[in-house]
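These notes are about the structure you will find just below.
No hydrogens, no waters, no symmetry mates; every other heavy atom, side chains included, goes into these values.
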Amino acid sequence: TLYANAADVYQEGALIFPSVQVQRDYQDCADIVRMCLMRIRAPRQWYGDHLALIGAARVGERELLALGEEIGWDSLIEHGKSWFDYSEQRMCADIRKLPMARVFAQNSHDPMAGMHEGIPLKVAVEADPDKALLTVDLRDNPDCVAAGINLTESTATTAAMVGIFNSLGAGIPANAGSFRRIRVRLRENCVAGVPRHPASCSTACWLQSTCREVRMILSHPSSSPTRSSGGRRATGPVRAASPPQRPPPLCLARSAGRR
C-alpha cells in the first residue's frame, strides 16, 4: 500500500487475500476488484498494475498457444530444456572466472521514524568456482521492524539476483537455468528475509542497498572487506572454459511482422 510507516499489515488498511480467482471466462471478478479499489491506499495505481499484469498474462498465453501449435509442443518443450541448460553453462563459465572467496559488505537504510540510526544491512557473497556456485547470505540482519520496509522473500531474493546479474558478464540469460547456480540464504522474521505475520512489507522494494553491495563485491572483490575460513581471502586461478554452445533457433513459419 506504499505506506512506509505502517507498523504491521493491519495498519496498512488493506485486504489480505489468500490465492483467489481474479478472472473467470476472461472477465474480471468484479467483487474482488471493488474490494481492492475500496481498501488499497493508491487504488488507481493498483488498478493500473492489475490491468498490466492481466494483459501480460493474456498476451503470453495467446502467443504460447500459437507457438505450440506452429512448431509442436514436443519441439517447444525440448527447446526450453536446451535453453535452460545453455543458460546454466553460460553462468558456470563466468563464475569459474572468479576467485574462491567469501566476501562481506555492509550498508544501511536511511533513518526513518522510530529508527533514527537507520537499519544496517549486511551481505555475504561466497564464490565457489570449483562447483560453479554463487551464494548470497542475508541471514545476519536485524529482525523484522515495525515499519513497511521489510523485504518479502521474493524481493530479498530478487535483490541478490539483480546484483549478481549486473556484475557478471553481459548476455547471460536470466532464467531458471542460470538460477541453478545461485543460492540465496534467508531466514524467517528478518528485515531482508522471510517476513513473519503480521510484519508489514508495504514498501518491500528497497532493493538498491542489497543490489549495490552484491555488485560491489563481485565487481571489486579485492577492495571489499573479506573473511575466509583461514582468516585471509582464499584465491584461485582464473579457470578457462570452452564457450557454451547456444542451442539452435526454433524454425518459425510465422511472418516477421507478427507480434
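Panel note: side chain N150, backbone V145; a donor-acceptor pair is recorded below 3.5 Å. Between the side chain of Q11 and the backbone N or O of A7 there is at least one donor-acceptor pair closer than 3.5 Å. Here the side chain of T203 pairs no donor or acceptor atom with the backbone of A4 at under 3.5 angstrom.
Contact check for C36 versus P43: no side-chain heavy atoms found under the 4.5 Å cut-off. Contact annotation: the side chain of W73 approaches that of L65 to within less than 4.5 Å [non-hydrogen atoms, C-beta and beyond]. Within the 4.5 Å cutoff, the side chain of T152 has heavy atoms near those of the S154 side chain. No side-chain heavy atom of V191 sits less than 4.5 Å from a side-chain heavy atom of C144. Residues F17 and I32 meet the side-chain proximity criterion, which asks for heavy atoms closer than 4.5 Å. Within the 4.5 Å cutoff, no side-chain heavy atoms of D137 are placed close to those of V184. Counting only heavy atoms from C-beta outward, the side chains of N107 and V123 never approach each other to under 4.5 Å.
Of all heavy-atom pairs spanning L151 and C201, the tightest one is O-SG, 4.2 Å. When all heavy atoms are compared, the tightest approach of A6 to S200 is O-CB, 3.5 Å. Across all non-hydrogen atoms, the minimal contact from I119 to P142 is CG2-CG, 4.4 Å. In terms of heavy atoms, A192 sits closest to L138 at O-CB, 3.7 Å. When all heavy atoms of A127 and P99 are compared, the closest pair comes out as CB-O, 3.6 Å. In terms of heavy-atom proximity, Q106 sits nearest to P120 at NE2-CB, 4.0 Å.
Between the CD atom in E69 and the CG atom in L76 there is a gap of 11.0 Å [rounded to 0.5 Å]. From M161, atom CE reaches atom CG of L134 across 10.5 Å, with rounding to the nearest 0.5 Å. Expressed to the nearest 0.5 Å, how far CG of D25 lies from CD of Q23 amounts to 9.5 Å. Separation of atoms CD (E188) and CZ (R196) is listed at 4.5 Å; rounding is to 0.5 Å. To the nearest 0.5 Å, atom CG of residue D8 and atom OG of residue S202 are 10.0 Å apart. D128 CG to I95 CD1: the interatomic distance, rounded to the nearest 0.5 Å, is 9.0 Å.
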Practice problem: Begin from the C-alpha positions of V136 and R183 and carry the test side chain to side chain contact (heavy atoms under 4.5 Å, CB included) through to its verdict. | Solution: CA-CA 6 Å; V136 179; R183 305 289 185 268; over 6 Å; no
Quiz item: side-chain hydrogen bond (donor to acceptor under 3.5 Å, both in side chains) between Q21 and R24: does it pass, once the steps are laid out?
Solution: CA-CA 7 Å; Q21 185 176 13; R24 184 178 294 112; 3.2 Å; yes
Self-check item: Derivation of the ring pair (Phe, Tyr, Trp, His ring centres under 6.0 Å) call for H79 and F84
Solution: CA-CA 9 Å; H79 180 78; F84 287 161; 9.7 Å; no
Exercise. Could you give me the CA-CA distance, side-chain angles and deciding distance for M38 and M35, then say whether side chain to side chain contact (heavy atoms under 4.5 Å, CB included) is met?
Key: CA-CA 5 Å; M38 179 66 68; M35 283 190 286; 5.7 Å; no
Quiz item: Where do E61 and Y26 land on the side chain to side chain contact (heavy atoms under 4.5 Å, CB included) test, with the steps shown first?
Solution: CA-CA 12 Å; E61 174 190 44; Y26 291 87; 3.3 Å; yes
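At most 12 non-hydrogen atoms from other residues, nucleotides or ligands lie less than 6.0 angstrom from CD of E153.
Cluster annotation: V125 and L186 are assigned to the same hydrophobic cluster (Ile/Leu/Val/Met/Phe/Trp/Tyr, side-chain heavy-atom contacts under 4.5 Å, transitive). L64 is connected to I71 through a chain of hydrophobic side-chain contacts under 4.5 Å among Ile, Leu, Val, Met, Phe, Trp and Tyr, so both are in one cluster. Linking Ile, Leu, Val, Met, Phe, Trp and Tyr residues whenever their side-chain heavy atoms come within less than 4.5 Å leaves L133 and V103 in two separate clusters.
Between R187 and D143 a salt bridge is recorded (basic side-chain N to carboxylate O distance below 4.0 Å).
Remark: V33 engages D28, L37, W46, Y47, H50 in a side-chain contact (heavy atoms from CB on, under 4.5 Å) (not counting sequence neighbours).
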Donor-acceptor pairs under 3.5 angstrom involving side-chain atoms of residues 85-94: please list them, not counting sequence neighbours.
unit_1 : atom_1 : unit_2 : atom_2 : d
D85    : OD1    : R180   : NH1    : 3.0
Y86    : OH     : R90    : NH1    : 3.1
S87    : OG     : W83    : O      : 2.8
S87    : OG     : N175   : OD1    : 3.4
S87    : OG     : N175   : ND2    : 2.9
E88    : OE1    : R180   : NH1    : 2.8
E88    : OE2    : R181   : NH1    : 2.9
R90    : NH1    : G171   : O      : 3.4
R90    : NH2    : A170   : O      : 3.2
D94    : OD2    : G169   : N      : 2.7

